[in-house]
Amino acid sequence: MDIVFLELRPNSPSRAAALRTALAEQGLVVADEQVVTVGSADGLTTLARAVAGQPVPGHPAYDDGTPPNGVGSNAVPRRPVALIPIDLVTNGTVLGAVLDDPRVRTGALAAESTAAGTELLDVLRIDADDRPAAAGLVHELDPHDPDGLLLELTRRLPGVGVEVKPVPMGGYVWARPTDAVEAMAAQQALATVPERRVRLREAARGGDGFFSTFVLRKLSWRLTGPAERLGLTPNQVTAGSFVLGLIAAGLIATGDRFPAVIGALLLQLCVVVDCVDGELARYRRRFSRFGAWLDASTDRIKEFAVVFALALAGARADQDLWPLAALAIGVQTFRSLADLSWSLRRKQLEGDVVPEPVHWVASTENVRVPSGFISSTDTFGVAGWLKRLGHFPIGERFLLISLGAALWSPKATLIGLNVLGLAAGAYMLTALASRGRSLAGDLVPAIAADTGPWLGAALQRLRGRAAVIAPALVSVIEIAVVYLLSTAVGAQHGAVVMLVAVIAVAHYLQAYGVREGAASESQLVIGADLRMAAFLVLIFLPGLLLPIDDVEDWVTGGLWALTAVVAVASVSTSLKSWIGVTR
């Protein structure tokens, strides 16, 4: 990144050294640094050269100091540039949030929006591709108002097609002191803000369920700090959570009370650790599509593994809980696919959201000191939280499983999981029925399920609410048919439920990938229709025709073989598509 320190006020006290230190602490590598006195005779020309990526007088590359040529030329610099007042007092995290977040192309530090508009806090990042356009605007600015120069440039950029994204300051210090008293106040505030602690708190994600917001996130951010100090990556944390979930499932599957209690505790630890990976990514401002895929896919596998473990624990107590386990997997699959399909369909019909223009205004304060910690915990009110509880989110589902495994029987736990899951499904269908009128349209829907080529072609004829529900119904019908026909020919119930779980994960991976733009119907390898054909021809029909003594072994072996094929095919196809998007 290139840095341009701006002297916007006469005889501004230089804090360039402190700002350099703050940038280095954020891991920002400064490739080129220039200092521009905007109020000088050639200040705007010099600034235009700096924004365009050309050396300015006093820079080692500026050869003979002749008047600059080629300002605003078609040459595009390879790096973004940051414009920072040389007298700025702020925390390093503030600079990192604007300058080092990959989600920000061209952005500016901002205070919370007021009735007048969004206040600009005088840190502007200009993406490499936008630098020529920005450089061309500099000559149009008022040379007699250097202190308002960044505000005017920010206001003019949308006019040349450059949108400036506001980056909230958060719970940190920002100041451009005008006298010794303000400078002292800013320095004292800077020394008292626990920057790392605030940054960890702000890394928590908003919009979670009730239990995740008020319990899990309160614990997870305390683990994010140690994970960051140990140098763990978000993907390593996700893998650790996955291992904890599988160990918890293994302990619950024993059917004994003490191991089940330990498994329940590990399951809650697994959920807490699962929150850490996203917080760590947001803390470091490092994101990857592969990480998103890994997080989403392992969540489903952990959940279905624990459901399988509950049924296995029941089997060891001579209870046939496999139908309840298959029902729980089917209910959750229907809900998740319908939700993914709803959001995908809405996005498809609404098209790309055009951002509203930001009305930038000057800051009204010279020194801003946070009043306390800022957290991304959302406040929805009683009605809002009741709606979120009605969705029976993942934090609440894992809480129910943990409480059931530790305190109740596996049967009671699976019954509770199914009752609440069905209630949440009914709530979702009611909401879809009331809000789904907006889905009328002639657009061909993207299929948010692993349907296969034949069913996929049929489902693309559907429109409106039917296009949302049909893929989820296909997944549930496939699960139901596989389970009922397999048990009809005497297959081991554990093998059947394992295949059901793998089919559910295949549907989810495809649906999630379609919604996130990392998969398409053309990338399907097997699909529900081909899986059903293989199941009927290779497993069910031989189960009807073979002698009774050979049926169970043949059918069960076939189920395990089909499980392996579906697992390898769906995971490899999904992973390949996400890696391809990442590249």
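One-based numbering along the sequence shown.
- Among residues at least two apart or in separate chains, salt bridge (Lys or Arg N to Asp or Glu O under 4.0 Å) pairs with a member in residues 391-401 are Glu303-Arg397.
- Taking the side-chain contact (heavy atoms from CB on, under 4.5 Å) definition, one finds that Arg222 meets it with Lys218, sequence neighbours left out.
- Residue Thr573 holds its OG1 atom at 10.0 Å from CG of Leu509, rounded to the nearest 0.5 Å.
- Checked against Thr224 for a side-chain contact (heavy atoms from CB on, under 4.5 Å), the options Val276, Leu232, Asp277 give a single hit: Val276.
- Comment: Glu228 engages Arg196 in a salt bridge, judged by a side-chain N to carboxylate O separation of less than 4.0 angstrom.
- Side-chain atoms of Arg257 come within 3.5 Å of backbone N or O of Ala406 as a donor-acceptor pair.
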* To do: Any chance you could lay out the side chain to side chain contact (heavy atoms under 4.5 Å, CB included) test for Ser574 and Trp293, step after step, and finish with the verdict?
  => CA-CA 9 Å; Ser574 178; Trp293 173 87; 2.7 Å; yes

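- Side chain of Ser297 to main chain of Leu294: a donor-acceptor pair is present (N/O by atom type, distance under 3.5 Å, no hydrogens or angles).
- Judged as a side-chain contact (heavy atoms from CB on, under 4.5 Å), and not counting sequence neighbours, the contacts of Asp127 are Arg105, Thr106, Arg125, Asp129, Asp130.
- A distance-only check finds a donor-acceptor pair linking the side chain of Thr254 to the backbone of Leu251 [under 3.5 Å].
- Between Ala504 and Ile479, the closest heavy-atom pair is CB-CD1, 4.2 Å.
- Counting heavy atoms from C-beta outward, Glu202 and Tyr283 have side chains that stay 4.5 Å or more apart.
- Thr451 has its side chain out of reach of Asp529: every pair of non-hydrogen atoms, C-beta onward, lies at least 4.5 Å apart.
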* Steps toward side chain to side chain contact (heavy atoms under 4.5 Å, CB included) verdict (Ile447, Val514) -> CA-CA 8 Å; Ile447 306 302; Val514 169; over 6 Å; no

* Take Val104 and Asp101 through the side chain to side chain contact (heavy atoms under 4.5 Å, CB included) test and state the conclusion after the steps. => CA-CA 6 Å; Val104 178; Asp101 192 324; 4.0 Å; yes

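- A 4.5 Å side-chain heavy-atom check between Leu536 and Leu485 finds at least one atom pair inside the cut-off.
- Annotation: the span from Ser341 atom OG to Ile469 atom CD1 amounts to 7.5 Å, rounded to 0.5 Å.
- The minimum heavy-atom distance between Asp295 and Thr298, with the atom names listed, is O-OG1, 3.2 Å.
- Of the inter-residue distances, the one linking Ile394 atom CD1 with Ile401 atom CD1 reads 9.0 Å to the nearest 0.5 angstrom.
- Arg316 and Ala253 make their closest contact through NH1-O, 3.4 Å (heavy atoms, listed as atom of the first residue, atom of the second, distance).
- Looking at heavy atoms from C-beta onward, Leu484 lies out of side-chain contact with Val481 at the 4.5 angstrom threshold.
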Pairs under 3.5 angstrom only: tabulate donor-acceptor contacts from the side chains of residues 320-334 to other protein residues two or more places apart or in another chain.
residue : atom : partner : partner atom : Å
Asp320  : OD1  : Trp322  : N            : 3.4
Gln332  : OE1  : Arg335  : NH1          : 2.7
Thr333  : OG1  : Ile329  : O            : 2.7

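- Phe210 meets the ring pair (Phe, Tyr, Trp, His ring centres under 6.0 Å) test with Phe214, Trp385; sequence neighbours excluded.
- To the nearest 0.5 Å, the span separating CH2 on Trp578 from CZ on Arg289 amounts to 5.0 Å.
- Formation of a donor-acceptor pair under 3.5 Å by the Arg388 side chain with backbone atoms of Pro393 is not found in this model.
- At a threshold of 4.5 Å between non-hydrogen side-chain atoms, the residues Leu337 and Pro471 do not count as touching.
- Residues meeting the side-chain contact (heavy atoms from CB on, under 4.5 Å) test with Ala528, sequence neighbours left out: Leu455, Val474, Glu478, His507, Arg531.
- Between Leu400 and Leu417, the closest side-chain pair of non-hydrogen atoms falls below 4.5 Å.
- With sequence neighbours left out, the ring pair (Phe, Tyr, Trp, His ring centres under 6.0 Å) criterion links Tyr508 to Tyr512.
- Put simply, the side chain of Leu530 reaches to within 4.5 Å of the side chain of Trp454, judged on heavy atoms.
- Legend: residues meeting salt bridge (charged side-chain N to carboxylate O under 4.0 Å, His left out) with Glu279, ordered by chain and number and at least two apart, are Arg217.
- Residue pairs meeting the side-chain hydrogen bond (donor to acceptor under 3.5 Å, both in side chains) criterion with at least one partner in residues 398-413, sequence neighbours excluded, are Gln268-Ser402.
- The existence of a salt bridge linking Asp100 and Arg286 is confirmed by a sub-4.0 Å separation between a basic side-chain nitrogen and an acidic carboxylate oxygen.
- In this structure, CZ in Arg285 is found 9.0 Å from CG in Leu99, a value given to the nearest 0.5 Å.
- Taking all atoms of both residues into account, the shortest heavy-atom contact from Phe304 to Val505 is CD1-CG2, 3.7 Å.
- Contact record, Pro168 with Pro166: CD-O, 3.7 Å, taken as the closest heavy-atom pair.
- A search for salt bridge (charged side-chain N to carboxylate O under 4.0 Å, His left out) contacts involving Arg229 returns nothing, not counting sequence neighbours.
- Of all heavy-atom pairs between Ser486 and Leu559, the closest is OG-CD2, 3.7 Å.
- In this structure, Met428 CE and Ser336 OG are separated by 8.5 Å, a value rounded to the nearest 0.5 Å.
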* To do: Could you walk me through whether Ser343 and Arg515 pass the side chain to side chain contact (heavy atoms under 4.5 Å, CB included) test, one step at a time?
  => CA-CA 8 Å; Ser343 60; Arg515 192 190 72 169; 3.1 Å; yes

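- Contacts classified as salt bridge (Lys or Arg N to Asp or Glu O under 4.0 Å) and involving residues 245-255 (residues at least two apart or in different chains) are not found.
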Using a 3.5 Å cut-off and no angle test, enumerate the donor-acceptor pairs between side-chain atoms of residues 241-250 and protein atoms at least two apart in sequence or in another chain.
residue : atom : partner : partner atom : Å
Ser241  : OG   : Cys270  : O            : 2.9
Ser241  : OG   : Lys302  : NZ           : 2.8

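- Classified by interplanar angle (parallel below 30°, tilted 30° to 60°, perpendicular above 60°), the ring pair Phe535/Phe540 is parallel.
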